[in-house]
2 protein chains.
Amino acid sequence: MSVEDGRTSATLDAVALAAGVSRATASRVLTGSPRVSESARDRVLRAAASLSYVPNGAARMLVTRRSDAVAFVVCEQEERFFSDPFFATVLKGVHRVVAASRRQLLFAVVAGEADREQLVRYAAGGHLDAAMFLSAHGGETAPARLRERGVPVVLAGRPPSGVGEDLPHVDTDNVDGGRLATQHLLDRGCRRLGLVTGPPDMASSQDRLAGWRRALDDGAGRGQEDARGTPAEVTALVAEGDYTTAGGHRATAELLARMPDLDGVFASNDLMAVGALTLLRERGLRVPEDVAVVGYDDIPLATAVQPALTTVRQPLEELGREMATMVVTALDGGVPASRGRALLPARLVVRDSA
Amino acid sequence: MSVEDGRTSATLDAVALAAGVSRATASRVLTGSPRVSESARDRVLRAAASLSYVPNGAARMLVTRRSDAVAFVVCEQEERFFSDPFFATVLKGVHRVVAASRRQLLFAVVAGEADREQLVRYAAGGHLDAAMFLSAHGGETAPARLRERGVPVVLAGRPPSGVGEDLPHVDTDNVDGGRLATQHLLDRGCRRLGLVTGPPDMASSQDRLAGWRRALDDGAGRGQEDARGTPAEVTALVAEGDYTTAGGHRATAELLARMPDLDGVFASNDLMAVGALTLLRERGLRVPEDVAVVGYDDIPLATAVQPALTTVRQPLEELGREMATMVVTALDGGVPASRGRALLPARLVVRDSA
DNA sequence: CTGTTAGCGCATTCAT
DNA sequence: ATGAATGCGCTAACAG
């Protein structure tokens, strides 16, 4: 049994020496090259194990130009980031694929300008073979800057303006999701509708809003009918939210102030829908009898809340898998992670709130 | 305005050449060495900026034996990890300190054996200057293995058995927290008490259990008195939970089955307390009138739930800051991150559930 | 199949 | 204050 030094770890030379071969042969064995004799391989492996040999990452990076590490970058404050299960689910999908490719998955949060510079420097320094970006807001420069430096990048979600329109990305169909949610409200007879948007600089917000508009336009085109088959005019209002429960609460209050006979709310995510539920309860309004509420994301909380939320589900784990697959494929195949544009379907999950 | 190549980034040679100095001088400027003339410094800086120079991380690591990156490692499944706000808060504290030290904070999840091996290899390869471990379960080998390889390590929480008793760590006073929670139940007159523990292999569970025992023993010693000042016998039962809402639900059911006249529950974390609340409501028991409930952690959900949870608050952000400070200090000072053992106070937050 | 050789890009001696 | 030379540990191209 060998003893670890604790300070200086074994080098390839040491392994080669112990195995009685040259560095080159030792290296071949350890990198899995086929052109090695059985006996040499065996001796090297044994020596490496006995010395607890681990290759020096710096030396390896320097010559291979790879780090075998990829990052999952979230451009948000820690709070947001953790309070939204969105990230956890996508990360899970990513994790599976990256782990299977035997790379180190690293996880970084960019909560401000200093973080951004640090990350770009880190990546430009060669520490990251690729980066996946989540929740990029408008004006986020990191993805484009990394790509300029030759680091493959994939975004979750359509790049917002100013981020790099042609950046590879994978998205769920937020336009269709927004349309489904809105149409559901119309279908159940709601005619005084309110939308609570997400942050206006995020693509998902914009797209869900576009879907809302599309549903309303479609309806206007062919004439809405209420539950009794009677056509009725539709009134629609929009209030700005921010994807937080508090924001949903506030925005719904605004909606109600501007339209007291509100009968349907589409909140652009579940957290805000929960905020809406809370406010409506405070105002003595019943859900869905007085006001129907539809959320988005189908987070675990959606079923825990009273009434259970009708919402739109996105295949988030699949989104993560897809992103990671694009990255890994690009890395393994040498194919530049060019314009992939998977668009994953969203679907309505009807529960009690609408 | 210079144009980026996009494939090959500028090297120090290129910068030196453009500045009309030697590599050595350029290096001195960029590493902030004092022994450089004003004019040389100026030219080098200008050249570096115009070339968008970023030092090659591999080359730098190779010679400095540092990566300027530290990791925050969570040994949990993604779900757990994100669903528990514990991590977010600690991370926030860590982030502040690490960012201020101009190092890259990396974040890794170890969800299984493959991940563990990958991480150890990554760290042993020199990619990590230090690692902070969260939520280490009994038998977790990574921290000790990293330390053996010369990577400074700090744990959040007392090391559970088999993890390395003498590993540096910073903890909150879980024993006292458990005692406070239990004592509060006794003080309000509860005499038929139930404890829902966390996973038995986690130090925090063990310590909160120890605090529970201590409160009960103290009480036994001096004789408990009920709300009317009448001494009464105390009965106490323990059920095993797992820090999840579902686990709290199940464990509380078990408690109730074994002791139908249960009148006080101490759940070792808020998630389980919420599970307890749900079960008690299902059984038609009022909280706190029939059964008082105390949680632990004071997560945001604690105030959102009905009734608002009486719970124990830990200074988690401070815990994060403390861990990161230990790491950064060790790294900057060259002092081995040896036995630090900050013990941060816990305090009771009384709300409606007990 | 194996050993020898040559850098990868940088920080750091040692001279000057 | 500056330049020339050295080596970190490894992989890969080249001989043999």
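Proteins come first, then strands; the chains are lettered A, B, ... in the order of their sequence lines, and each starts at number 1.
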**Request:** Check the distance between C:dT2's P and A:Glu38's CD and give it to me in whole angstrom.
**Result:** 10 Å
**Message:** Regarding B:Ser37, tell me which of base, sugar-phosphate or nothing describes its non-hydrogen contacts under 4.0 Å with the strands shown.
**Reply:** sugar-phosphate
**Message:** Using OP1 and OP2 only, check whether a side-chain N or O of A:Arg65 sits under 4.0 Å from C:dG9.
**Reply:** yes
**Fill in**
Taking for B:Ala26 and for B:Leu62 the nucleotide of DNA chain D with the nearest heavy atom, the one nearer the 5' end belongs to B:Ala26
**Request:** For the pair B:Glu148 and B:Arg145, find out whether any cationic side-chain nitrogen is under 4.0 Å from an anionic carboxylate oxygen.
**Result:** no
**Message:** I'd like to know if A:Glu165 pairs up with A:Arg158 as an ion pair, taking the criterion as any Lys NZ or Arg NE/NH1/NH2 lying under 4.0 Å from an Asp or Glu carboxylate oxygen.
**Reply:** no
**Separation of atom CE in A:Met61 from atom C1' in D:dC8, rounded to whole Å** = 14 Å
**Prompt:** Should the ring pair B:Tyr122 and B:His127 be called parallel, tilted or perpendicular, given that the plane angle runs from 0 to 90° and is split at 30 and 60?
**Reply:** parallel
**Complete:** Closest non-hydrogen atoms of A:Val36 and A:Ala40, given as atom of the first, atom of the second and distance, are CG1-CB, 3.9 Å
**Message:** Please compare A:Pro34 and A:Ala24 by the position of their nearest nucleotide in DNA chain C and report the one closer to 5'.
**Reply:** A:Pro34
**Message:** Looking at B:Tyr53, I'd like to know whether one of its side-chain N or O atoms comes within less than 4.0 Å of OP1 or OP2 on C:dC10.
**Reply:** yes
**Asked** Whole Å only: how far is the CZ atom of A:Arg35 from the C1' atom of D:dT11?
**Response** 17 Å
**Message:** Whether B:Thr25 contacts D:dG3 is assessed here as follows: a side-chain N or O lying under 4.0 Å from the phosphate OP1 or OP2. Is that the case?
**Reply:** yes
**Message:** Assess, by modelled atom type and distance only, whether the side chains of A:Arg103 and A:Ser101 contain a donor and an acceptor separated by less than 3.5 Å.
**Reply:** yes
**Fill in**
Taken to the nearest whole Å, CZ/A:Arg60 to C1'/D:dA12 is 13 Å
**Message:** Do A:Pro34 and A:Arg28 make a side-chain contact, defined as non-hydrogen atoms from C-beta onward lying under 4.5 Å apart?
**Reply:** no
**Request:** Check whether any side-chain heavy atom of A:Pro55 lies under 4.5 Å from a side-chain heavy atom of A:Leu12, and answer yes or no.
**Result:** no
**Request:** Mind calculating the distance between CG (B:Asn56) and C1' (D:dC10) to the nearest angstrom?
**Result:** 14 Å
**Candidate nucleotides D:dC8, C:dG3, D:dG9, ranked by approach to the side chain of A:Ala59 - the nearest** = D:dG9
**Message:** Rounded to whole Å, please give me the gap between CZ in B:Arg66 and C1' in D:dC8.
**Reply:** 14 Å
**Request:** Side-chain contact test, heavy atoms from C-beta onward, threshold under 4.5 Å: evaluate it for B:Gln104 versus A:Arg121 and give yes or no.
**Result:** no
**Message:** Over all strands shown, is A:Ala40 touching base, sugar-phosphate only, or nothing at heavy-atom distances under 4.0 angstrom?
**Reply:** sugar-phosphate
**Asked** Is there a donor on the side chain of B:Arg28 or the base of D:dG3 sitting less than 3.5 Å from an acceptor on the other?
**Response** yes
**Request:** To the nearest 10°, let me know how far the axis at one end of the helix from C:dC1-D:dG16 to C:dT16-D:dA1 is tilted from the axis at the other, five pairs an end.
**Result:** 40°
**Item:** Distance, rounded to the nearest Å, where B:Arg23 contributes CZ and D:dA4 contributes C1'
**Value:** 9 Å
**Prompt:** Rounded to whole angstrom units, what separation is found between the CZ atom of B:Arg121 and the C1' atom of D:dC10?
**Reply:** 13 Å
**Request:** For DNA chain D, determine which residues of residues 11-22 of chain B have any heavy atom closer than 4.0 angstrom to one of its atoms, and list them numerically.
**Result:** B:Val21, B:Ser22
**Request:** May I ask you to say whether B:Arg23 pairs ionically with B:Asp13, meaning some side-chain N is under 4.0 Å from a carboxylate O?
**Result:** yes
**Message:** So B:Pro143 and B:Val163, do their side chains get closer than 4.5 Å, heavy atoms only?
**Reply:** yes
